[in-house]
Every structure is written in structure tokens, then in C-alpha cells.
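Labels below follow one simple rule: chain letters A, B, ... track the order of the sequence lines, proteins then strands, and each chain is numbered from 1. Just so it is clear, the structure is predicted and the values come from calculations on it, not from any experiment.
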Amino acid sequence: MQVKAPRGTYDLLPGQIERWQWLIAQAREVFTQYGYGEIITPIFEHAELIERGVGETTDIVSKQMYTFSDKSGRRLTLRPEWTAPVVRAYLEHNLHARPQPVKLYYIGPSFRYERPQAGRYRQFHQLGAEAIGSADPALDAEMIAMPIELYRRLGLSRFVILLNSIGCPVCRPAYRQALRAALAPHLEELCPVCRTRYDLNPLRILDCKSEKCHELSAGVPASREFLCRECADHFAQVQAILEAFGLEYRLDDRLVRGLDYYTKTVFEVTSPDLGSQSSLLGGGRYDGLVEECGGPPTPGVGFAAGMERAMSVMEEQGLNPPVKGGPDVFVVTAGGSRAGEYGVRLRGLALLNELRRAGLTAETDYMNRSLKAQLKAAGRLSSRFALIIGSEEMAKNTVQIKDMQQGTQEELPLDSDLIGWIQQRIGGSKQ
RNA sequence: GUGGGCGUAGCUCAGUUGGUUAGAGCGCCAGGUUGUGGCCCUGGAGGUCGUGGGUUCAAAUCCCAUCGCUCACCCCA
């Protein structure tokens, strides 16, 4: 048997998961403040939804999907991203009947079959948001400002906002033609992939990393020069709002994004503290997607942020959640759970149970350790108090309570208000 | 799918031109106190040297293959 997590997946254990939970907690708080409600969709969807939603010619659909048939022969796909599933849910549950726009956020795993590397996994986690039903440029800006605010609260700094507009079905054909015209003389010099892109999706030639293609496409016109009146107007407003928010961004002619559904605004936030996969989040507007999925013409905009990427920067910069202390009390039973002292153990366990029911964080030993070793364990857990009970205490109906920080110890009657005594000393925050 | 780097204890790593029972630090467990943690001292457990084959009197060490990890390309979160 293979005792190893599958390639491109990993386990999160206590010690690292606190940071993960912190990220999620902060995200929930920020998204809620911005008026987004959480949505959870299935981890798998009908393959067709993803294929049509994301686009047949994209890398995701053409080579990165986990697609399988279930026992009834349905073709299903582990979701490679959340936008298409969220749009599906929007249509399925008639969310267009609710006040528009519908603002949703999500947190959870996505799957893409790729060779793993720094910041890239086969099961990775995204947190993101979608605002469906409005074409307001304020939402485009919100999709950038909101995650940036999340990063700010987590303590991340040093990111670069890349922005572009790739037009709409009205103006893009003209741009495509211009692009083809500019590249036509060099068609033979393009890489094989780009030669097929030339016909299918010439915009993608712009973000080809091959040196030759990069050179050849250097002088071509930018999509922004071909925007129709509406798109140009929209983009100007997005920029104005970002500026009003005090967010600095960089216009990037080559930012076209690899998913077919984008229209108008596209953006990416990158971090210099990441490896080669430097993108913290990406997103854009998708005014044609709802219709493509069988709904009425409905605008939408969203972003998806990589949780592993954020975690990586947080780790890099030593950004940790506020430290939580150890247990309030560690119950030490002298003589351990040895048969002869079982009465002691039983009394100790009853006390432990009582402490926990009172809302205190309480621990004990489960390894039949010596008194000394139990105290050591209590110290290792940074327990605030050690409550010690042995045969002497049993006889006197008392317990020893030791302050592990001060090193002081006193004896209290068993029928005194032990819990009150402890609560008073750990501060009133616990009930 | 392609290329580079790396696989020795739970973790981080030593291991000479091939040479005897493969080591250290940390961690873990126990003892140094008949019932008291942290520091210190002592001891202990723990390793198919990734796996398979080859060369050799002898392989952790050299060769081949294979698997895994990792970084990069493509692309993206």
C-alpha cells in the first residue's frame, strides 16, 4: 500500500493549519463586510458545464481536467474553478429573481491535472467571489479592492495589480483582425502552439512565453486601442474607481487570461515573494457567460485567489495568527492510571470532565506517565495550571493546584469553588 | 508532456580515494527525587541508506534502470 498522499496533494496538520484557519476566518469577515454571502457547490459537476463554461480551447479543458464516468455513465469533472459552477447555481436556483446583483463568495478545493511545482498543486484551494447581474464598473473595482483588503489585514504587502481590458463581442472581432494582420507576415516564425492560436484565439499569442513569439508580438497594437465606446467608457471608470480607492495598478497589454469567458476587465495580482507562479489571484468580467450557460443575457464579474499562494507569502513573511495559549488546566493524577491508584485516576477524570463542562480547556495524561512526566507534559503544552491529585489528596479531600508560570502551588479543598478559583485567575473571558 | 536538482533516524543533515557493528544535533521515552515541569547530566528506542539490478573480496559511496520528491518550461490559483 502506498502511504503517501497522491501527487500534487498534501496534508495540513496542527501547527500549520492555524494559519490556514486564520486566512479563512479573515476572508469570511472581509467578504461579509462587503456584502457577499457564502455559496458551496459540489466538488464535481457535469463535464459539459465546465467544457462549455470555461471554453473548449483553454488549457484547463483541453489537458488539465479530472474527468471520469460514474457508475451510470455520467461524465463528471472535478471542478477546475468555481465561476462556471456558481453561474450554474445562479441559473438553477433562479437567483436572478433575487435583488441584483447577487454577490457570492466561496472557499474550497479545485482540481487541475498539471505537473506540480512551487505554488501549484493538483488539488489546490481557492477563495473568491462573484457578483452576477450588474455591469457596474464599481463591481470590477470591488473584485480587486476586496481581496487586497483581505491581504492587508493578514499583513501581506508588496503586490502588483495588473489590469487590462480585452473588449467585448462588439469590439473584439476588429481587434482580432488587427492582431492577425500584424502577425500575418511572421506566421511561419511563431511557435506551433501559437500558429493554432492564430486561428482559434489570437489574443493568447500575447501571453506566450516563447521568446520568439514574445518578440514578434512586441509591436502589435494593444487591445485597449480597439475598445468600442462602451468598453472604453467602462474601463475608464474602473480605473477612476481604483484610483479613488488609492490602489496603484499597472496596465498590461499582454494580460489576456487563459479562460474564454472573460470580457472587458481582466486583472491579476502578483507577488514578488512567490516563485515562478507569482499570481496571488486573477479574475475579470464575464458578461457573456450566463447566456452561454443557457440563461438570459446577464453580466458578471469575479476573482479567484489561491490559498496556497497566500499561505506561501504569509509563511515567507512570518505572518501568523494571534497566538493561542495552551490548556487552562492539566489534570495530573499521581500514580498515573495504574491499577492500585485507580481511585485517584477516576477522581481525576471526573474533575477533568467537570472543568471541561465549565468551559475550560483541560487536558490530562493518557500514557500512564509518572507524576514528573505528567508535569513535564503539562509544561510542554504551556498549560496555565496543573491540578494535582494523589492518594494524600484523596485522603484529605483536597487537590494541589500549581501555577505553571509562577511555579507556585497551593492546596485547596475539593469541595471549594475550584472552577471559580481558576476562572478568576485566567481572566474573565471564559465562562 | 519536456528538462535540471535531490532521495541516509520522526525532523535538519554528516558519512574521507569504495573498507569492519552507518553517525550527530533536535525531537521522543526513561532515569538522576519515597509525589513536582522548564536548565543540566546519563541512558534508551528509532534506519529495508527510495526500490531493483550490475561491477567488486567488499557498495550509503561506482554504473544502469525505476519510483518518488523538488524546481523550471507550458499554463495558471
Determine the contact category for [X]: base if any of its heavy atoms lies under 4.0 Å from a base atom, sugar-phosphate if only primed atoms, P, OP1 or OP2 are that close, otherwise nothing.
X: A:Glu393; answer: base
X: A:Glu114; answer: base
X: A:Glu81; answer: nothing
X: A:Gly407; answer: base
X: A:Ala118; answer: sugar-phosphate
X: A:Arg380; answer: sugar-phosphate

How many whole angstroms separate atom [atom1] of [X] from atom [atom2] of [N]?
X: A:Gln117; N: B:rG5; atom1: CD; atom2: P; result: 17 Å
X: A:Ile107; N: B:rA77; atom1: CD1; atom2: P; result: 17 Å
X: A:Met367; N: B:rA45; atom1: CE; atom2: P; result: 18 Å
X: A:Arg204; N: B:rC76; atom1: CZ; atom2: C1'; result: 10 Å
X: A:Lys4; N: B:rU51; atom1: NZ; atom2: C1'; result: 11 Å
X: A:Asp403; N: B:rU36; atom1: CG; atom2: C1'; result: 14 Å
X: A:Phe124; N: B:rC75; atom1: CZ; atom2: C1'; result: 12 Å
X: A:Leu375; N: B:rG37; atom1: CG; atom2: C1'; result: 5 Å

In whole Å, what separates the [atom1] atom of [N] from that of [M]?
N: B:rU42; M: B:rC26; atom1: P; value: 11 Å
N: B:rC39; M: B:rA22; atom1: C1'; value: 32 Å
N: B:rA24; M: B:rA45; atom1: P; value: 12 Å
N: B:rG54; M: B:rU8; atom1: P; value: 24 Å
N: B:rG53; M: B:rA59; atom1: P; value: 13 Å
N: B:rC62; M: B:rG44; atom1: P; value: 32 Å
N: B:rC76; M: B:rC67; atom1: C1'; value: 28 Å
N: B:rC71; M: B:rU55; atom1: P; value: 38 Å

Does [X] get its side chain close enough to the base of [N], under 3.5 Å, for a donor-acceptor pair?
X: A:Lys376; N: B:rG38; result: no
X: A:Arg257; N: B:rC75; result: no
X: A:Lys402; N: B:rU36; result: yes
X: A:Gln400; N: B:rU36; result: no

- Item | Stepwise side chain to side chain donor-acceptor pair (under 3.5 Å) test for A:Tyr105 and A:Glu38 | CA-CA 5 Å; A:Tyr105 79 85; A:Glu38 182 164 6; 3.2 Å; yes

Are any of [X]'s side-chain N or O atoms less than 4.0 Å away from OP1 or OP2 of [N]?
X: A:Arg120; N: B:rC75; answer: no
X: A:Arg7; N: B:rC69; answer: yes
X: A:Arg122; N: B:rC75; answer: no
X: A:Gln277; N: B:rC73; answer: yes
X: A:Ser276; N: B:rC73; answer: yes

Below 4.5 Å, heavy atoms only, C-beta onward: do [X] and [Y] meet side chain to side chain?
X: A:Pro321; Y: A:Gln21; answer: no
X: A:Asp287; Y: A:Cys168; answer: no
X: A:Leu95; Y: A:Ile132; answer: no
X: A:Arg153; Y: A:Glu29; answer: yes
X: A:Leu163; Y: A:Thr265; answer: yes
X: A:Leu139; Y: A:Arg285; answer: yes

- Message: Need to verify one output field. Residue with the more 5' nearest nucleotide on RNA chain B, A:Tyr113 or A:Ala377?
- Response: A:Tyr113

- Query: Which residue lies toward the 5' end of RNA chain B, A:Ile388 or A:Gly8, if each is placed at its nearest nucleotide?
  - Reply: A:Ile388

- Message: As a quick check of understanding, evaluate side chain to side chain donor-acceptor pair (under 3.5 Å) for A:Tyr90 and A:Glu130, giving each step before the final call.
- Response: CA-CA 10 Å; A:Tyr90 175 88; A:Glu130 313 288 349; over 6 Å; no

- Describe, in one word, how the ring planes of A:Trp82 and A:Tyr106 are oriented to each other, choosing from parallel (under 30°), tilted (30 to 60°) and perpendicular (over 60°). parallel

Any strand is fair game: report the nucleotide pairing with [N] by Watson-Crick or G-U wobble, both distances under 3.5 Å, or none.
N: B:rG18; value: none
N: B:rC62; value: B:rG54
N: B:rC39; value: none
N: B:rU2; value: B:rA72
N: B:rG44; value: B:rC28
N: B:rA77; value: none

Kindly point out which of [options] is positioned nearest to the side chain of [X]?
X: A:Leu371; options: B:rG35, B:rC76, B:rG37; result: B:rG35
X: A:Arg115; options: B:rU2, B:rG35, B:rC29; result: B:rU2
X: A:Arg369; options: B:rU36, B:rA77, B:rA30; result: B:rA30

- Task: Can you sort out which residues in residues 49-61 of chain A have a heavy atom within less than 4.0 Å of RNA chain B? Ascending by number, please.
- Result: A:Asp59

- Query: Under the 3.5 angstrom rule, does the side chain of A:Arg52 hit a backbone N or O of A:Glu292 as a donor-acceptor pair?
  - Reply: yes

- Message: Check this for me, if you would: do A:Glu268 and A:Arg257 make a salt bridge, where the nitrogen-to-carboxylate-oxygen distance has to be below 4.0 angstrom?
- Response: yes

